[in-house]
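Report on the following structure.
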Amino acid sequence: MPELPEVETVVRILDEQITHHRLIDSSVYWDKTIVNRDELIALNGQQVQKVSRRGKYILWQMETATILIHLRMEGKFYKLAKNEARNKHSHVIFHFDDFDLAFNDTRKFGRIEVSQDLEHFFNHKLGLEPWDELLTKEYLRNKARSRKVHLKTFLLDQSVIAGIGNIYADEICFKLKLSPFTRVHRIPLYKWEECVDVTRQVLQEAIDSGGSTIRSYTASLGITGRFQLRIHVYGRANQPCHDCHTHLIRSVVGQRSTVYCPQCQKRL
DNA sequence: AGACCCACCCGAACGC
DNA sequence: TGCGTTCGGGTGGGTC
């Protein structure tokens, strides 16, 4: 499941592959994947100016609008030779001048949308990027002050910090030595400073490791996550904590599967 | 407004 | 073996 680091890696590869290429046409095999088909058709014939990222959204800057792609859980891009057969999970094919690009998505949760006005599209939906200099302990404390949600839920809230998903939310809680059930209004200012540092550290480490495995992906632009080698808690229920060897506990926070160490991670 | 629940999907894992 | 059931993941929309 792609989070910010995986999206970042896909963006870097895509930018190399499609920037300055012309989108001739697109074929859609699952209607719901494309939110506004007519506006996508209107971009036929335009060149991709640049590929970038905002939160977990991939942005293709075209000449008159932006194509936004959210991979959700399993969205992946595959470069295809011209007219090469798609597989059964290719729901959209983008036809470029001298190659095709397939959008594959087994669970059909991914979404592609065209927007003329990114400001409006993201509106209050997305908060700060992790490396935005406005992301400070004061920013987080102010966002958290009036809220009663659990820390895990707060970290997953895209309108606070954009890009954190289930895996890294668990890792961030672990490194902060805070229970994912901690109520955010009780977290002191100095802990929010740690939160800024830890968030950047965890995401950067993941981006670096994703970047180092690009070579092993030939036709695929999908990333499966070599980062798992360094994971401390996510997916390790009932296994010993890397710090204290206590068995990690699996629980549910905000309807999300959550793993944490009951010994190391305290509730304030 | 904030908090919470559920639909959207389907493959993998599990139960019988 | 095979068939049925459960689970999970991010987001948006609905309700209270």
Side-chain angles (χ1 to χ4, degrees), chain A residues 1-11 28-36 53-59 68-77 86-92 103-115 118 120-127 129-130 140-173 180-187 199 203 206 222-225 227-228 231 233-239 248-260:
Chain A
M1 53 235 92
E3 298 190 20
L4 183 150
E6 290 80 3
V7 173
E8 181 67 30
T9 307
V10 172
V11 162
V28 179
Y29 301 96
W30 183 259
D31 287 342
K32 287 185 171 180
T33 302
I34 305 282
V35 175
N36 43 2
R53 180 191 62 72
R54 174 79 171 93
K56 299 177 201 168
Y57 289 86
I58 296 167
L59 314 180
L68 297 101
I69 297 141
H70 199 298
L71 303 174
R72 295 285 182 95
M73 265 72 79
E74 304 192 357
K76 288 179 178 63
F77 285 105
R86 65 185 184 99
N87 79 21
K88 65 172 179 175
H89 297 302
S90 305
H91 304 312
V92 180
F103 179 71
N104 277 35
D105 185 12
T106 51
R107 303 236 168 130
K108 298 178 174 173
F109 272 24
R111 289 292 178 269
I112 298 173
E113 181 163 2
V114 174
S115 171
L118 284 188
H120 180 259
F121 181 86
F122 291 127
N123 199 16
H124 295 295
K125 198 154 59 175
L126 289 189
E129 286 292 316
L140 290 176
R141 200 261 313 266
N142 289 343
K143 285 270 185 186
R145 185 144 50 188
S146 62
R147 300 192 51 186
K148 295 182 173 153
V149 290
H150 297 124
L151 175 57
K152 166 92 179 248
T153 303
F154 186 73
L155 291 171
L156 288 175
D157 183 343
Q158 301 298 299
S159 73
V160 179
I161 301 175
I164 300 173
N166 206 34
I167 299 175
Y168 303 122
D170 276 6
E171 294 303 306
I172 291 165
C173 290
F181 289 100
T182 309
R183 299 285 176 180
V184 290
H185 66 276
R186 307 186 58 152
I187 297 177
T199 297
L203 296 177
I223 301 301
T224 54
F227 181 67
Q228 288 180 5
I231 275 177
V233 282
Y234 181 84
R236 296 191 62 247
N238 303 318
Q239 295 179 46
L248 300 178
I249 287 180
R250 182 193 174 277
S251 187
V252 174
V253 182
Q255 299 144 255
R256 291 284 171 277
S257 173
T258 299
V259 181
Y260 67 101

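So you know, we letter chains A, B, ... as the sequences are listed, proteins then strands, and number each from 1. As the structure is a prediction and not an experimental result, all values here were calculated from the model.
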Report which part of the nucleic acid [X] touches: base, sugar-phosphate, or nothing (heavy-atom distance under 4.0 Å, all strands).
X: A/Q255; result: base
X: A/R183; result: nothing
X: A/H89; result: sugar-phosphate
X: A/F154; result: nothing
X: A/G165; result: sugar-phosphate

With respect to the phosphate group of [N], does any side-chain polar atom (N or O) of [X] fall under 4.0 Å of OP1 or OP2?
X: A/H70; N: C/dT11; result: yes
X: A/Y234; N: C/dG8; result: no
X: A/R147; N: B/dA3; result: yes
X: A/R250; N: C/dC7; result: no

Whole-Å gap separating [atom2] ([N]) and [atom1] ([X]):
X: A/K125; N: C/dG12; atom1: NZ; atom2: P; value: 4 Å
X: A/H91; N: B/dC10; atom1: NE2; atom2: P; value: 7 Å
X: A/F181; N: B/dA3; atom1: CZ; atom2: P; value: 16 Å
X: A/L156; N: B/dC4; atom1: CG; atom2: C1'; value: 14 Å
X: A/D105; N: B/dC10; atom1: CG; atom2: C1'; value: 10 Å
X: A/I112; N: B/dC8; atom1: CD1; atom2: P; value: 20 Å
X: A/K148; N: B/dC4; atom1: NZ; atom2: C1'; value: 14 Å
X: A/F109; N: B/dC10; atom1: CZ; atom2: P; value: 9 Å

Notebook entry, point to check: Which class fits the ring pair A/Y57 and A/F122: parallel under 30°, tilted 30 to 60°, perpendicular over 60°?
Noted result: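 Rings of A/Y57 and A/F122: perpendicular, over 60°.
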Notebook entry, point to check: Ignoring hydrogens and angles, does a donor from either the side chain of A/R256 or the base of C/dG9 sit under 3.5 Å from an acceptor on the other?
Noted result: no
Notebook entry, point to check: In terms of side-chain heavy atoms of A/V149, which of B/dC9, C/dT11, B/dC4 is nearest?
Noted result: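 So the side chain of A/V149 is nearest to B/dC4.
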Item checked: SB check A/E129 A/R54 (cutoff 4.0 Å) -> yes
Next item on the list: Indicate yes or no: does A/K143 engage A/D157 in a salt bridge with an N to O separation below 4.0 Å.
Entry: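 Answer for the salt bridge query: no.
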Note to self: Heavy-atom nearest nucleotide on DNA chain C for A/F121 versus A/R107: which residue maps closer to 5'?
What the structure shows: A/R107
Check: Closest heavy-atom contact between A/A162 and A/L4?
Finding: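 Closest approach of A/A162 to A/L4, heavy atoms only: O-CD1, 3.6 Å.
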Check: Of A/E3, A/R256, A/K152, A/E171, which is the lone residue that meets side-chain hydrogen bond (donor to acceptor under 3.5 Å, both in side chains) with A/N166?
Finding: A/K152
